[in-house]
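What follows is a single structure, written as structure tokens, with notes after it.
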Amino acid sequence: MATILGIESTCDETAAAIVVDGFEVRSNVVATQVDLHAKYRGVVPEIASRAHIENILPVLREAISLGCPGGLADVDAVAVAYRPGLIGSLLVGVTAAKTLAWALGKPLVGVMLENNQAPPLPAVGLVCSGGHTALYAVRDWLDVKLVGSTIDDAVGEAYDKVAALLGLGYPGGPIIDQLAAEGDPSAIRFPRSLLGRDSLDFSFSGLKTAVLYHVRGVPGRGQDVKSAPLTTAPAGQDLKDIAAGFQAACVDVIREKLRRAVQRVGARSVIVGGGVSANRGLRESLKHFPVPVLFPLMRYCTDNAAMSAGLAHLHYAGGRFDPLNLDAMTYSSIAR
Ligand code: KG4
């Protein structure tokens with residue numbers, strides 16, 4: 001029996017969890033910073049790092065007291081999500097994990113988040129969150145290679161920015177998802193950017209701009225459309241149709257990129273993770289995909305440490321540990 005303490009601080013949630021043998025989640029504590037970032041309508045990296053420093057010890061204490069009756073002595077290994085994420089945020093979790101592993105004399109396991117169920121391999125992994133939209137070829141659980149990523153905004157970021165320009169709250173994803181359910185996805189056709197026939201990369205900034213122009217009008221020469229006052233904010237059915245049209249464009253692009261990636265990798269399944277995996281439109285549209293598509297349970301869609309500890313079990317069982325000089329890695333420093 002292996003008891004793993006997982007730590008996650010990749011973006012704006014500080015999380016710790018105790019997971020036994022990969023699947024038995026004994027505790028899963030998440031301190032969210034949503035309120036801190038809401039007024040900026042997006043994650044402010046410096047604020048996130050500072051909040052992680054304040055939250056990490058209370059979150060760890062709670063996860064350990066709920067999940068380990070014998071305290072830290074019960075822990076067999078310390079796992080941490082060390083990539084991808086915001087560098088200042090990642091550093092807090094990685095430093096806490098390294099310190100605990102060193103002080104306890106227990107192995108350190110650095111994990112990159114994926115789903116920990118057991119779909120047929122090879123698989124395509126899709127990470128769609130506020131910070132990332134990326135496709136991975138998963139040939140084995142510990143053989144994961146990046147094959148495509150966004151060249152500008154992440155899909156969750158596009159949701160948050162479109163929500164902001166529509167005058168909605170933060171995080172925008174769940175709000176747009178809800179409005180979209182009552183809108184007509186074909187009422188407004190927003191562009192689908194596919195970046196050429198073979199590309200596995202994503203681009204969402206053009207779609208975001210298309211929504212901006214739809215709402216505020218196309219700017220004239222030298223005009224800054226963002227600073228123009230919004231005379232009539234979309235409301236009622238109009239707002240729902242914009243949400244539905246935007247969501248349909250995001251979902252279509254993701255589905256097409258998944259189709260290409262599955263073909264390229266020869267995948268037998270797709271595994272989805274990250275905050276946008278909670279999206280109902282995305283889940284619905286992938287119900288009849290040519291290969292099985294696995295989504296996490298809703299409580300594991302947004303950042304949490306149970307996924308880190310669950311995945312770390314595979315590393316632990318394979319004796320695959322990391323040295324104490326493990327570095328946090330942002331997305332851009334991960335090689336394809
Ligand atoms: O993975 P996550 O919790 O944090 C990181 O980005 O690391 O993802 C948060 C993102 C936000 O952009 C949020 O708007 C989006 O996930 N999100 C959704 C939904 N729920 C959360 N986007 C679309 N539909 C949803 N239901």
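Everything quoted here is computed from the prediction, not taken from an experiment. Start at 1 and go down the list; that is how both ligands and their atoms are numbered.
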- With only distance considered, is Asp160 within less than 3.5 Å of ligand 1 through an N or O on each side? yes
- Query: Between Cys11 and ligand 1, does any nitrogen or oxygen pair lie at a separation below 3.5 Å?
  - Reply: no
- Task: Indicate, as side chain, backbone, both or neither, the part of Val276 found under 4.0 angstrom from ligand 1 when only non-hydrogen atoms are considered.
- Result: both
- Same apolar cluster: Val272 and Phe204, side chain cutoff 4.5 Å: yes
- Query: Can you hop from Leu166 to Leu179 via hydrophobic side chains spaced under 4.5 Å?
  - Reply: yes
- Task: Starting from atom 20 (N) of ligand 1, locate the nearest protein heavy atom and write down its residue, its atom name and how far away it is, to 0.1 Å.
- Result: Gly275 O, 3.5 Å
- Mind checking whether Cys301 has an N or O less than 3.5 Å away from an N or O of ligand 1? no
- Within-cut-off N or O pair, Gly130 and ligand 1, under 3.5 Å: yes
- Under-4.0 Å heavy-atom contact with ligand 1, by part of Pro174 that carries it: both
- May I ask you to check if ligand 1 and Asp177 share an N or O to N or O distance below 3.5 Å? yes
- Any His132 heavy atom less than 4.0 Å to ligand 1: no
- Query: Does any non-hydrogen side-chain atom of Ile7 lie less than 4.5 Å from one of Ser308?
  - Reply: no
- Query: For ligand 1, which atoms sit closer than 4.0 Å to a heavy atom of Gly131?
  - Reply: 6 (O)
- Query: Do Arg260 and Asp198 sit within salt-bridge range, that is, some charged N less than 4.0 Å from a carboxylate O?
  - Reply: no
- Note on the structure: Contact region, Arg280 to ligand 1, non-hydrogen atoms below 4.0 Å, reads neither
- Out of curiosity, does Val155 fall in the hydrophobic cluster containing Leu165 (side-chain heavy atoms, cut-off under 4.5 Å, transitive links)? yes
- Query: Is a donor on one side and an acceptor on the other found under 3.5 Å between the side chain of Arg26 and the backbone of Ile18?
  - Reply: no
- Message: His37 and side chain to side chain donor-acceptor pair (under 3.5 Å): which single residue from Arg41, Gln33, Lys39 fits?
- Response: Gln33
- Item | Shortest protein contact, atom 18 (C) of ligand 1 (heavy atom only) | Gly173 CA, 3.5 Å
- Can you find an N or O of Gly156 that's nearer than 3.5 Å to an N or O of ligand 1? yes
- Atoms in ligand 1 with a heavy atom of Glu13 nearer than 4.0 Å: 3 (O)
- Query: When only distance counts, is Thr10 in polar contact with ligand 1, meaning an N/O pair under 3.5 Å?
  - Reply: no
- Item | Salt-bridge criterion met for Asp153 and Lys208 (N-O under 4.0 Å) | yes
- Query: Does a donor on one side chain and an acceptor on the other come within less than 3.5 Å for Tyr300 and Asn28?
  - Reply: no
- Starting from atom 24 (N) of ligand 1, which protein heavy atom do you reach first, and at what distance in Å? Asn279 ND2, 2.9 Å
- Query: Which atoms of ligand 1 have any heavy atom of Thr302 under 4.0 Å away?
  - Reply: 3 (O)
- Query: Relative to the heavy atoms of Pro171, which atoms of ligand 1 are at a distance of less than 4.0 Å?
  - Reply: 13 (C), 14 (O)
- Answer with yes or no whether the side chains of Gln247 and Asp177 bring together a donor and an acceptor at under 3.5 Å. yes
- Query: Do Ile242 and Val215 touch side chain to side chain, with heavy atoms closer than 4.5 Å?
  - Reply: yes
- Query: Is the closest basic N to carboxylate O distance between Arg280 and Glu284 below 4.0 Å?
  - Reply: no
- Query: Under 4.0 Å from ligand 1, counting heavy atoms only, is it the side chain of Asp303, its backbone, both or neither?
  - Reply: both
